[in-house]
Each structure stands twice: as structure tokens, then as C-alpha cells.
Amino acid sequence: MLTKFEVKNFKNFKENFVFDFTKINDYKFNTECIKNNAVNKAIIYGPNGCGKSNLGFALFDITSHLADKQKGKEFYVDYLNAESTADFAEFRYTFTFDKNTLEYFYCKNSLEELVNEELFINGKKLIAYDRRKSEKNIFVELEGTETLNKLLNGNKISAVKFVNSNSVLKETEVNKTFVKFYNFVDNMLLFKSLHGNFYIGFETGGNSIHDDIIKKNNLDDFQKFLNISGIKCKLRKEIINGKEDIVFDFGAKSISFSNNASMGTRSLTLFYYWMQRLKNVSFVFIDEFDAFYHHSLARTVVEKLKEFECQTILTTHNTSIMTNDLLRPDCYFLLNNNRIKPLPLCTDKELRQAHNLEKMLRAEAYNV
């Protein structure tokens, strides 16, 4: 899982920005939100314009050159920080798999222009390549790459991706860690409902949500999900304009689901679509996840997400779900002024299970 992330000179992150998932406390409640001594379920708060969405784009930059999945290029046009004179952005990821630590550092001029890369496992450099140097060979010391043609010679492909795609690695502990890392990145997912079915990572293409529900025979399950979520309705499928689609069923009459569902229901439909895939997702970032939800529905969605193993980050402005009944203080983060901290590090007070976290926020008891 991802245990630490750093970025510099990307969008609004001019100075080095650090997101550390290992700053946890010894709380005895909601322990399922922690995994391998790192935060596995996180909710981020911050004022408008502080960089919550850009943090998601920064985290998912890694998928643009390592995974052949959805890229969201339109959100990476203004790539470098506008106030900085630096020529590239810097990214550093730290992952932990079992007891092994993998660090991946790289610089980029733009979404698709790598400057250099370095990959370490347990502190040992195993892959490196710098396009600014005259040397055109990849440095690689993974077992099984001895006969690999390491000459990139101007090829813009990531050196790490090149090694992964063209090597038959031996089954060593180090190589297994490398494979776990690559699978993790390959199965990362970011989505948001404010731009339709906008997403980055995990899969490609613009699948129709309704077609997906119908083709997978999930209509009854989808109706049950809506009902449990507080949206009382009955659904059925009908032929509309020559193809099967979902309608609201009123017995003798039906009306189009697409044309009549509220924004909250449509947002929940998008969540249902991706929820069907979460068992195969390694890391999910949902930006403004409850933008169209009633506060009670937002809580229901968080509870549902806690059922999945994937590392989860949500952004929101909804303070009603900042409660120890749902997560725990070290899983709530405040983002502002190019810094992000879990609640226990935002106050001198020792936060306990009985504390009203939302009330303290409204009283301005936290300082990022």
C-alpha cells in the first residue's frame, strides 16, 4: 500500500508537499481503518482552492506512464506550478508490501515527458534512468534482467515500464515486491461525479453505466442498493430508441431513469458502477464524493467503502461525517497552505474517542 507521497512544482504545489499515511496513533476503535501501520481509509477537508483535487491528480500522475489505463489528460494541461522557475515537477512515492519498502522517484516536464526515474527496494537502487545524460542504457539490477536489451536510445517509454514489459523476472522476494508495486499502480482508480463519469486509471473507455448494470444482470441489486440508500423506487428495463435502458417502474406507466433521476441519484448510480469494481481496485481516490448527497447518505457511502480492502481517500466539505463513530482522528486530514496533517497533529489536545471532532473544527481548534 501507499505509505508516503511527496510532490513539488506540480500545479499549486510549488514547494515540497508531503502526505504521510504512517502518522497514526494507538487508538483502539475503528482499527479496520488502519492497515500495515498506515492509514487505509482517509477523509480530507480543506477550503476551496487549497488543492484537494490537484492532490488527486498528483497522486495519479504515476498511472500516466506506468499503466495503459484512462489518463484524464485534460486536467494535466497546466502541469507545472505557474509561480516556479523550475523546469520539471518532482514526485516520490513510498510503498510497503508485507515487510518490504519500495520507493519510486521521478521528474517530469509534462504529463508524458519523463526526465528521470529511480526505483529502490529496501534502500537498494534497482532501476534508474536519466534522459539528461548521454548514457542511453537503463541501470537495472533485478534478477532476470541480465540479458535484457537496456538501450532506450531516445525511446520516451518509462524505464520502469520498459523493464516490467520486457523482462522475465526470477521469483525472488525483491522481484515479488516489484510485481506487487506494478499491480498496485495498474489497479489505482480516481473518479468524481462533478464531470459525469470522469475517471483516471483502472480501465479504459467510456462505458455506459446503464448498459453495464443491465448486461451484468445487476438491475435488481442496483434497485436494492438505491432503496437501502434511502431512494425508494422500483426499476425495470425497457426498450428505448431501439436499445435496453433503465426506467422507473410505476406499474402501468414508466418514465426514463436518465431523464428523471435527481443529481444525488445519478451520483449514487456512478458510485454503484465503481463499487462493483472495488474488490479489484488497489487504491481509490473519490474527489468531492458526496457533492450531491444528503449528509446521512454520505455516511452510508463511507460505511460501504469500509467493507472493501482497497486503500481509500475521500475529499469533502461535509463536516457531519467528521466523527469517531465513523473513522478515527488520525484518518481525518486537513489540507491548507501546502500542508496536510491528520487531526491529532493539528492540535495540542490529546484527541480521544469521546471528543466531538466536528465541534472542535467549528471552534477552530485545529491548525494546519
Side-chain angles (χ1 to χ4, degrees), residues 1-7 16-45 55-56 58-60 62 91-105 119-124 126 172-190 278-286 302-303 305-315 321-335 339-353 355 357 366 368:
M1 64 185 299
L2 181 63
T3 52
K4 190 175 183 180
F5 172 71
E6 299 178 55
V7 63
N16 195 53
F17 176 90
V18 181
F19 190 1
D20 193 339
F21 295 82
T22 65
K23 301 295 185 181
I24 61 173
N25 291 44
D26 190 26
Y27 295 115
K28 304 302 182 185
F29 58 95
N30 290 328
T31 56
E32 71 278 7
C33 298
I34 304 297
K35 182 179 178 182
N36 298 329
N37 295 315
V39 173
N40 193 47
K41 299 289 183 285
I43 297 181
I44 300 175
Y45 292 86
L55 174 57
L59 283 162
F60 276 74
I62 192 174
F91 299 81
R92 185 181 298 274
Y93 298 76
T94 303
F95 298 89
T96 300
F97 301 104
D98 299 321
K99 296 182 180 180
N100 298 299
T101 299
L102 186 148
E103 296 174 274
Y104 179 45
F105 170 80
L119 186 143
F120 302 78
I121 296 180
N122 297 330
K124 182 180 180 180
L126 295 172
T172 65
E173 185 70 17
V174 166
N175 287 349
K176 288 179 181 178
T177 299
F178 177 77
V179 171
K180 288 177 181 177
F181 153 72
Y182 218 95
N183 288 337
F184 187 98
V185 174
D186 206 42
N187 289 294
M188 292 172 64
L189 168 68
L190 177 153
L278 286 184
K279 65 180 179 180
N280 297 316
V281 170
S282 58
F283 181 99
V284 61
F285 187 103
I286 313 178
V302 175
E303 292 282 13
L305 287 166
K306 288 172 65 177
E307 297 175 6
F308 294 90
E309 289 292 320
C310 58
Q311 195 170 6
T312 303
I313 299 179
L314 310 174
T315 73
I321 57 173
M322 184 184 281
T323 167
N324 285 325
D325 293 335
L326 196 56
L327 302 183
R328 40 189 268 178
D330 50 2
C331 293
Y332 293 105
F333 289 78
L334 299 184
L335 170 60
R339 293 191 298 272
I340 187 168
K341 294 181 182 179
L343 291 187
L345 296 183
C346 295
T347 177
D348 294 330
K349 185 184 290 288
E350 182 183 351
L351 297 180
R352 300 175 182 174
Q353 187 172 6
H355 279 117
L357 304 180
Y366 307 118
V368 183

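In this text the structure is predicted, and so the values were computed from the model without any measurement.
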Is it the case that the side chain of T3 and the backbone of T22 share a donor-acceptor pair, with hydrogens and angles ignored and the cut-off at 3.5 Å? no
Parallel, tilted or perpendicular: which describes the rings of F97 and F184, with under 30° parallel and over 60° perpendicular? perpendicular
So, do N100 and K180 sit near enough that their side-chain heavy atoms are less than 4.5 Å apart? no
With ring pair (Phe, Tyr, Trp, His ring centres under 6.0 Å) as the test, pick out the partner of Y93 among F105, F5, F181. F5
Pair F21, N36 - check side chain to side chain contact (heavy atoms under 4.5 Å, CB included), show working. CA-CA 10 Å; F21 295 82; N36 298 329; over 6 Å; no
Report yes or no: does T96 contribute a side-chain atom to a donor-acceptor pair with the main-chain N or O of T94 at less than 3.5 Å? no
Just wondering, do I34 and Y27 contact through their side chains at under 4.5 Å, heavy atoms? no
Inter-residue atom distance F95.CZ - T101.OG1, 0.5 Å rounding: 11.5 Å
Shortest non-hydrogen pair, L102 vs T177, comes out as CD1-O, 4.1 Å
Are any non-hydrogen side-chain atoms of V39 and C33 less than 4.5 angstrom apart? no
So with a 6.0 Å cut-off around NZ of K306, is the heavy-atom count from everything else above 12? yes
Is there a side-chain contact between T312 and L278, using heavy atoms and a 4.5 Å cut-off? no
Using 30° and 60° as the class limits, which term best fits the ring planes of Y45 and Y332: parallel, tilted or perpendicular? tilted
Kindly determine whether L305 and L314 satisfy side chain to side chain contact (heavy atoms under 4.5 Å, CB included), including the steps that lead there. CA-CA 10 Å; L305 287 166; L314 310 174; 3.7 Å; yes
Atom of A42, atom of F333 and distance for their closest heavy-atom approach: CB-CE1, 3.9 Å
Can you measure from CZ (R328) to CD1 (I24) and round to the nearest 0.5 angstrom? 6.0 Å
Would you say the side-chain atoms of Q311 pair up with the backbone N or O of L2, donor to acceptor, closer than 3.5 Å? yes
CG-CD distance between N122 and E173, expressed to the nearest 0.5 angstrom: 8.5 Å
Any E309 side-chain heavy atom under 4.5 Å of K35 side chain: yes
Distance-only, no hydrogens or angles: does the D330 side chain make a donor-acceptor pair with backbone N or O of N25 under 3.5 Å? yes
Centroid-to-centroid, F285 to F283, below 6.0 Å? no
Any sub-3.5 Å donor-acceptor pair from R339's side-chain atoms to V368's backbone N or O? yes
Any side-chain to backbone donor/acceptor pair from N187 onto N183? Under 3.5 Å, distance only. yes
How many angstroms lie between CD1 in I340 and CG in D20, if you round to the nearest 0.5 Å? 10.5 Å
If you take all heavy atoms of C346 and K341, which pair is closest and at what distance? SG-CB, 3.6 Å
Nearest atoms (heavy-atom pairs only) where N40 meets M1: OD1-CE, 3.8 Å
Looking only at heavy atoms, what is the nearest atom pair of L357 and Y366, with distance? O-OH, 3.1 Å
I'd like to know if D98 pairs up with K176 as an ion pair, taking the criterion as any Lys NZ or Arg NE/NH1/NH2 lying under 4.0 Å from an Asp or Glu carboxylate oxygen. no
Would you call E32 and K41 a salt bridge, using N to O less than 4.0 angstrom? no
Side chain to side chain contact (heavy atoms under 4.5 Å, CB included) evaluation trace for F17 with L55: CA-CA 10 Å; F17 176 90; L55 174 57; 3.7 Å; yes
Which heavy atom of K4 sits nearest to which heavy atom of V18, and what is that distance? CE-CG1, 3.6 Å
Should L126 and F178 count as side-chain neighbours, where that means a heavy-atom distance under 4.5 Å? no
Note, M322 side chain near I43 side chain (heavy atom, < 4.5 Å): no
